Amino acid sequence: MPAPSLQPGRRTLLLAGLGGALAACSSGHPSTPTSPSGPNSPNSPNSSPNASTSTSTSTSTSSAFPAPAAWQPGPGELQPDVKLRAVQVVEAIGGWPPGGQGMAAARQRVAALGADPGLADQGGALLADAPRAALEVVYAQYGGLLADSASVLVVCRQWLAGPDGAPVSTGSTVDVRLSSAAPRWEVTALHPADPGPAAAALSDPATRVLAQPRIALPPAAVADVRGGQVHDAALAALLALAGTYAFEVSVVRSGHPLLVFGTDRPSDHPQGRAFDTWRIDGRAVVDPATPADLVDSFMRAAAAAGSYNVGGPRLLPGGATANQFFSDATHHDHVHAGFRG
């Protein structure tokens with residue numbers, strides 16, 4: 001979940017590079033403080049597992065500027081309005097019409113939601129110095145869900161207008177913190193992902209994961225793998241699962257809280273020893289129409305691939321250890337797989 005955010009100044013330098021072409025940005029159980037750094041919405045037509053992000057930054061092949069629909073929670077969500085509130089703030093910060101760039105305009109968009117306009121100051125890499133931007137939320141996943149507080153991981157793609165107006169694709173994951181309030185929960189903080197630079201060389205498992213079309217990684221997760229920040233045990237498990245399933249990862253390392261939400265226990269995610277999956281073979285984990293056997297078999301396959309700590313919407317019996325499987329409200333919408341270093 002959270003992490004130091006990539007500041008707009010760095011994004012501005014990136015956008016100015018490449019010969020004038022725009023180029024920028026992307027637990028065991030859930031967590032709390034800020035994360036170490038850190039595909040598609042259930043209603044998006046672009047939902048094939050290998051369509052999302054083999055790269056974290058790429059130039060669009062079309063000059064038509066994207067106009068993604070606003071994200072809406074699908075069936076099966078435990079607290080749909082909590083997720084929607086988090087998403088709306090991120091969408092307001094990361095998307096703007098021509099001429100709508102800048103902090104002052106971002107604050108106005110956030111204020112129009114009835115939220116604290118100062119949240120725009122925490123937008124990090126989403127606030128690039130581009131004359132136009134569009135943002136699509138891939139998925140909103142819980143990083144933690146308690147009675148009076150929550151963490152929502154908003155996984156998103158963003159398109160920024162380059163010097164010629166053509167869209168350039170990037171993206172990020174934002175750990176959005178909320179507190180209960182009436183009539184709606186209030187967003188209290190944003191922690192955008194900051195995956196760090198790419199490594200000079202990658203391990204063989206990392207290279208294979210990035211090349212595997214059956215593993216869909218969002219921009220921040222791609223940057224995690226490219227940065228050499230993901231443990232080989234997690235990479236090997238991703239490859240093993242891809243032998244049976246086509247699946248979409250929501251978060252790996254960056255964009256996840258440092259601690260298991262509501263506790264003082266370190267999460268496996270910031271250490272590059274965990275990944276979360278929100279869709280399996282085109283079926284969202286949270287959707288009541290998704291066969292339970294599909295999700296359960298994926299959880300067991302993750303355990304067989306080496307995960308010591310597999311969480312999901314149901315508590316499975318058995319396991320190599322008494323606590324290999326777990327379930328709670330936070331993991332109602334995804335499958336977590338954690339690994340030992």
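Bear in mind that the values here come from a model prediction, so they are computed numbers and not experimental data. Quick note: numbers below take in every heavy atom, side chains included, and nothing from hydrogens, waters or symmetry partners.
Of the listed residues (Asp276, Thr173, Asp333), just one forms a side chain to side chain donor-acceptor pair (under 3.5 Å) with Gln141, and that residue is Asp276.
Across Leu241 and Ala302, no two heavy atoms sit closer than the pair CD2-N, 3.7 Å. In this structure, Ala233 and Arg340 approach most closely via the heavy-atom pair CB-O, 4.5 Å. Here the shortest heavy-atom pairing between Ala242 and Gln212 reads CB-CG, 3.8 Å. Contact between Thr290 and Ala284 at its shortest, heavy atoms only, is OG1-O, 2.6 Å. Nearest heavy atom pair, residue Ala120 against residue Leu127, reads O-CD1, 3.1 Å. When every heavy atom of Gly74 is checked against every heavy atom of Glu77, the shortest pair comes out as O-CG, 3.4 Å.
Looking only at distances, a side-chain donor or acceptor of Gln271 sits under 3.5 Å from a matching main-chain atom of Ser267. A donor-acceptor contact shorter than 3.5 Å links the side chain of Asp281 to the backbone of Ala246. Not a single donor-acceptor pair under 3.5 Å links the side chain of His332 to the backbone N or O of Pro313. Between the side chain of Ser327 and the backbone N or O of Gly312, at least one donor-acceptor pair lies under 3.5 Å.
In this structure, the separation between CD on Glu91 and CG on Leu126 is 11.5 Å, given to the nearest 0.5 Å. Going from atom CD of Gln88 over to atom CD1 of Ile93 covers 12.5 Å, rounded to the nearest 0.5 Å. Here the CG atom belonging to Asp121 is positioned 4.0 Å from the CZ atom belonging to Arg107, to the nearest 0.5 angstrom. Taking SG of Cys156 as the start and CD of Glu136 as the end, the distance is 9.5 Å to the nearest 0.5 Å. The distance from the CG atom of Asp81 to the CZ atom of Arg184 is 4.0 Å, given to the nearest 0.5 Å. Remark: Tyr308 OH to Thr321 OG1 distance equals 10.0 Å, nearest 0.5 Å.
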*Please assess Arg85 against Leu178 for the test side-chain contact (heavy atoms from CB on, under 4.5 Å), listing each intermediate value before the final yes or no.*
CA-CA 9 Å; Arg85 188 62 165 165; Leu178 305 96; 4.1 Å; yes

*Check the pair Val174 / Leu153 against side-chain contact (heavy atoms from CB on, under 4.5 Å), numbers first and verdict last.*
CA-CA 6 Å; Val174 184; Leu153 309 185; over 6 Å; no

*Should Leu145 and Gln79 be marked as a side-chain contact (heavy atoms from CB on, under 4.5 Å) after you check the CA-CA gap, both sets of side-chain angles, and the distance that decides it?*
CA-CA 9 Å; Leu145 180 59; Gln79 293 266 23; 4.2 Å; yes

*side-chain contact (heavy atoms from CB on, under 4.5 Å) evaluation trace for Val89 with Val176*: CA-CA 9 Å; Val89 170; Val176 180; 5.7 Å; no

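Trp96 has its side chain within reach of Arg109: a pair of non-hydrogen atoms, C-beta onward, lies under 4.5 Å apart. Here the side chains of Leu190 and Asp175 are not in contact, with every heavy-atom distance at 4.5 Å or above. Within the 4.5 Å cutoff, no side-chain heavy atoms of Asp224 are placed close to those of Phe275. Using a 4.5 Å heavy-atom cutoff, the side chains of Val168 and Trp159 are not in contact. Proximity of Pro219 to Val222: side-chain heavy atoms (C-beta onward) are nowhere separated by under 4.5 Å. Put simply, the side chain of Lys83 reaches to within 4.5 Å of the side chain of Tyr139, judged on heavy atoms. By the 4.5 Å heavy-atom criterion applied to side chains, Pro131 and Pro98 are not counted as neighbours. Asn309 places a side-chain heavy atom less than 4.5 Å from the side chain of His336.
Relative to the ring axis of Phe325, Arg300 places its NZ or CZ within 45° and under 6.0 Å from the centre. Under the 6.0 Å distance and 45° angle rule, Arg132 counts as a cation-pi partner of Phe65. Both the sub-6.0 Å distance and the 45° axial angle are not jointly satisfied by Arg273 relative to the ring of Phe339.
Side-chain rings of Phe326 and His331 approach one another, their centers coming within less than 6.0 Å. Proximity of the aromatic rings of Tyr245 and Phe298 is defined here by a centroid distance below 6.0 angstrom, and this criterion is met.
No more than 12 heavy atoms of other residues, nucleotides or ligands lie within 6.0 Å of CD in Glu186, so this atom counts as exposed by the packing criterion. The environment of CG in Asp164 is crowded: more than 12 heavy-atom neighbours from other residues, nucleotides or ligands sit within 6.0 Å.
Under 4.0 Å is where a charged nitrogen must lie from a carboxylate oxygen, and between Arg208 and Asp204 at least one such pair does. Using a cutoff of 4.0 Å between basic side-chain nitrogens and carboxylate oxygens, Arg279 and Asp287 are not scored as salt-bridged.
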